[in-house]
Amino acid sequence: MAQKPSIPKGTRDFSPTEVAKRSYVINTIRTQFKHFGFQPIETPSFENSSTLMGKYGEEGDRLIFKILNSGDYLRKADKNILANADSGALTPQISEKALRYDLTVPFARYVVQHQNDIVFPFKRYQIQPVWRADRPQKGRFREFYQCDADVVGSASLWQEVEFVQLYDAVFSRLGLEGVTIKMNNRKILSGIAEVIGASDLLIDFTVALDKLDKIGEEGVTQEMLAKGIPAAAIDKVKPLFTLSGSFGQQLSVLKDLLAQSATGMQGIEELSFIDTAISELGLETASLQLDVTLARGLNYYTGAIFEVSAPEGVAMGSIGGGGRYDDLTGIFGLKDMSGVGISFGLDRIYLVMDELELFPEEAIQGTQVFFVNFGDSEAAYAMKAITALRKAGVAAELYPDAVTSNKQMKKQMTYAHKRDIPFVVLAGSQEIQDQTLTVKDMRLGEQHTMTVSALIKKFRA
RNA sequence: GUGGUUGUAGCUCAGCUGGUUAGAGCACUGGUUUGUGGUACCAGGGGUCGCCGGUUCGAACCCGGUCUUCCACCCCA
């Protein structure tokens with residue numbers, strides 16, 4: 001007990017059932033990515049620190065897992081920094097690599113590095129784990145998967161429209177109905193800040209506004225005042241606090257508010273285009289909503305902002321997010337490349353689906369038919385049937401060890417039961433003589449004798 | 001990074017104001033049943049009470065530290 005093994009906090013082991021369920025979600029997402037014309041790429045799990053550092057803000061830098069240099073790294077470090085125990089200054093001296101923090105920045109790096117081989121607009125998808133050194137809590141891990149789809153090299157708003165459809169398609173296929181796709185636009189937020197004369201306080205303003213549903217109108221007002229936004233300016237945006245109604249209705253309120261701001265009006269136009277297109281195309285099970293308080297990832301988004309929240313009644317943070325960044329690759333030296341993309345939070349989607357019991361049985365079913373092993377000659381007979389079943393696409397297996405006593409027979413039955421295998425085949429001397437199989441349905445507790453081809457036909461039906 | 005919370009058998013937990021050999025259910029192993037699991041009955045194995053240190057005649061219980069769990073903040077998928 002003393003040396004019980006463990007794994008680092010915020011990481012998880014996955015059992016066979018969990019892997020099956022996760023694969024089901026991933027495959028569903030991947031299938032839709034392909035249907036929408038995205039191509040897969042993969043990038044290394046760790047990058048040069050210089051690629052990642054400074055791209056996610058101060059908070060982000062703190063949350064990046066750094067990889068210690070190999071060798072006698074302290075000897076090479078600056079003696080003064082070492083003596084002063086200055087962690088911030090020491091870090092770049094002893095760590096030159098870091099674990100991937102998200103898939104977007106590595107993608108930007110990829111695009112710049114391979115720009116001559118890429119055909120633009122480039123639509124890529126990527127499903128890989130990322131790592132963050134923050135404190136775990138519900139739906140929040142230190143190692144988790146992101147499933148990203150991005151388009152780079154096109155400023156067309158049809159991309160945004162397609163991403164809304166893509167979200168709808170994936171969640172509909174998963175049976176996760178009633179998700180809300182929330183949209184906003186950086187230009188609207190800039191416009192509001194401009195109109196109230198607080199352009200320089202845009203970030204503080206939006207961060208406060210983002211908390212509306214959490215701390216309420218009063219709390220937001222307090223926070224804005226604390227950040228130095230004048231009371232008169234806050235009064236001007238009061239209509240935002242109670243904004244409701246349809247996408248279009250909200251837009252018309254914004255139109256009045258933002259009439260003086262060219263940037264704001266452009267944001268309205270963009271959102272209006274998307275709303276109109278989606279209204280005409282229709283959505284299967286998701287709903288599209290305008291949410292002016294949405295301000296996540298504002299550091300780099302320049303146009304559309306997406307966030308998907310789980311169906312009502314499920315306590316979970318966002319299960320997806322994304323947006324447009326006009327200068328995605330600029331940080332790596334490739335100018336004027338507009339990019340827009342979305343991300344699916346696999347681990348959170350899994351938690352929500354598990355809670356709502358949405359995983360279909362087929363998704364987690366492994367072996368369909370289990371053969372009891374009565375001995376060498378019986379096993380040889382069983383293997384022929386198993387081979388036929390496998391060729392027909394039915395997962396089948398033989399218990400590796402032979403029955404030597406009644407106890408062993410029980411053991412094999414128990415084994416099949418624990419593995420949740422729906423059919424057990426008993427084939428002894430009688431069945432061999434008759435060229436049949438005795439098939440037991442473990443759920444119903446009934447058994448029937450039939451030929452191999454009859455059993456295969458049973459699965460074809 | 002801040003605040004709080006949790007840690008007793010493989011799992012879920014009980015253990016009164018510190019007092020002798022730490023309990024239950026489920027799971028596991030064996031038997032009642034030598035071609036049959038899941039339901040019933042009987043028996044059995046398994047824990048230095050997260051770890052380190054301290055207080056005490058005596059600590060699962062009190063104190064400190066540390067790790068872990070979960071929650072909120074921050075931020076985010």
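Residue numbers start from 1 in every chain, and the chains themselves are labelled A, B, ... in the order their sequence lines are given, proteins ahead of strands. Keep in mind that this is a model prediction, so the values were computed, not measured.
When heavy atoms are screened at a 4.0 angstrom cut-off, A:Ser343 is found touching no nucleic acid atom at all. The residue A:Gly139 sits close to a base: some heavy atom pair falls under 4.0 Å. Counting any heavy atom pair closer than 4.0 Å across all strands shown, A:Phe141 reaches a base atom. Using a 4.0 Å heavy-atom cutoff across all strands shown, A:Glu59 reaches at least one base atom of the nucleic acid. Residue A:Lys411 is classed as having no contact, given no heavy-atom separation below 4.0 Å to the nucleic acid. A:Gly10 comes within 4.0 angstrom of the backbone, heavy atoms only, and of no base. Backbone-only contact: A:Ile319 has heavy atoms under 4.0 Å from sugar-phosphate atoms and none from a base. Residue contacts shown for A:Gln447 include a base, since a base heavy atom lies under 4.0 Å away. Nucleic acid contact for A:Gln408: none, since no nucleic acid atom lies under 4.0 Å from a heavy atom of the residue.
One interatomic measurement links the two molecules: CZ of A:Phe374 to C1' of B:rG35, which rounds to 5 Å at whole-angstrom precision. Nucleotide B:rG37 holds its P atom 4 Å from the NZ atom of A:Lys410, rounded to whole Å. Look at CD1 on A:Ile64: it is 13 Å from P on B:rC76, rounded to the nearest Å. The nearest whole Å value for the distance from the NZ atom in A:Lys407 to the C1' atom in B:rG35 is 17 Å. Protein atom CZ of A:Arg135 is 8 Å distant from nucleotide atom P of B:rG3, rounded to whole Å. In this structure, the CZ atom of A:Phe144 is 12 Å from the P atom of B:rC76, given to the nearest Å. The interatomic distance linking A:Ile342 (CD1) with B:rC76 (P) rounds to 19 Å, in whole Å. The CD1-C1' distance, from A:Ile29 to B:rA77, rounds to 11 Å in whole Å.
Between A:Gln128 and A:Gln146, the closest side-chain pair of non-hydrogen atoms is not below 4.5 Å. In this structure the side chain of A:Leu189 never reaches within 4.5 angstrom of the side chain of A:Tyr301, judged on heavy atoms.
OP1 or OP2 of B:rA72 lies within a sub-4.0 Å distance of a side-chain N or O belonging to A:Gln137. Contact between the side-chain N/O atoms of A:Lys418 and the OP1/OP2 oxygens of B:rA27 is not found at any separation under 4.0 Å.
When each of A:Lys55, A:Lys66, A:Arg100, A:Arg109 is checked for a salt bridge (charged side-chain N to carboxylate O under 4.0 Å, His left out) with A:Glu47, only A:Arg109 meets the rule. When each of A:Arg22, A:Arg132, A:Arg142 is tested with A:Asp347 by the rule salt bridge (charged side-chain N to carboxylate O under 4.0 Å, His left out), just one qualifies, namely A:Arg22. Screening A:Val308, A:Thr285, A:Val170 for a side-chain contact (heavy atoms from CB on, under 4.5 Å) with A:Val179, the sole residue that qualifies is A:Val308.
When both distances must be under 3.5 Å, the Watson-Crick or G-U wobble mate of B:rC16 does not exist. Nucleotide B:rA40: paired with B:rU32 (Watson-Crick or G-U wobble, both distances less than 3.5 Å). Using the Watson-Crick or G-U wobble rule with both distances under 3.5 Å, B:rG58 pairs with nothing in any strand shown. For B:rC51, the paired base is B:rG65 (Watson-Crick or G-U wobble, both distances below 3.5 Å). Nucleotide B:rA72: paired with B:rU2 (Watson-Crick or G-U wobble, both distances less than 3.5 Å).
Separation of the P atoms belonging to B:rU32 and B:rG38 is 14 Å when rounded to the nearest angstrom. Taking atom P in both B:rC67 and B:rU56, the straight-line distance is 28 Å, to the nearest Å. Taking the C1' atoms as reference points, B:rU2 lies 40 Å from B:rC26, given to the whole Å. Comparing the P positions of B:rU68 and B:rG1 gives a spacing of 11 Å, expressed to the nearest Å. Nucleotides B:rC71 and B:rU29 place their C1' atoms 40 Å apart, quoted to the nearest Å. Straight-line distance between the P atoms of B:rG53 and B:rU12: roughly 28 Å, to the nearest whole Å. Separating the P atom of B:rA60 from that of B:rU69 is a span of 25 Å, rounded to the nearest Å. Distance check on atom C1': B:rC16 versus B:rA59 gives 16 Å, rounded to whole Å.
A:Ser95 contributes no side-chain N or O that, together with a main-chain N or O of A:Asn69, makes up a donor-acceptor pair within less than 3.5 Å.
Position along RNA chain B of the nearest nucleotide to A:Gly321 versus A:Met442 favours A:Met442 as the more 5'-ward residue.
If you take CG on A:Leu294 and CG on A:Leu209, they are separated by 10.0 Å, rounding to the nearest 0.5 Å.
Taking a centre distance below 5.5 Å and an interplanar angle below 30 degrees as the stacking criterion, A:Tyr415 does not stack against the six-membered base ring of B:rG37.
Between the side chains of A:Arg124 and A:Gln126, at least one donor-acceptor pair of N or O atoms lies under 3.5 Å.
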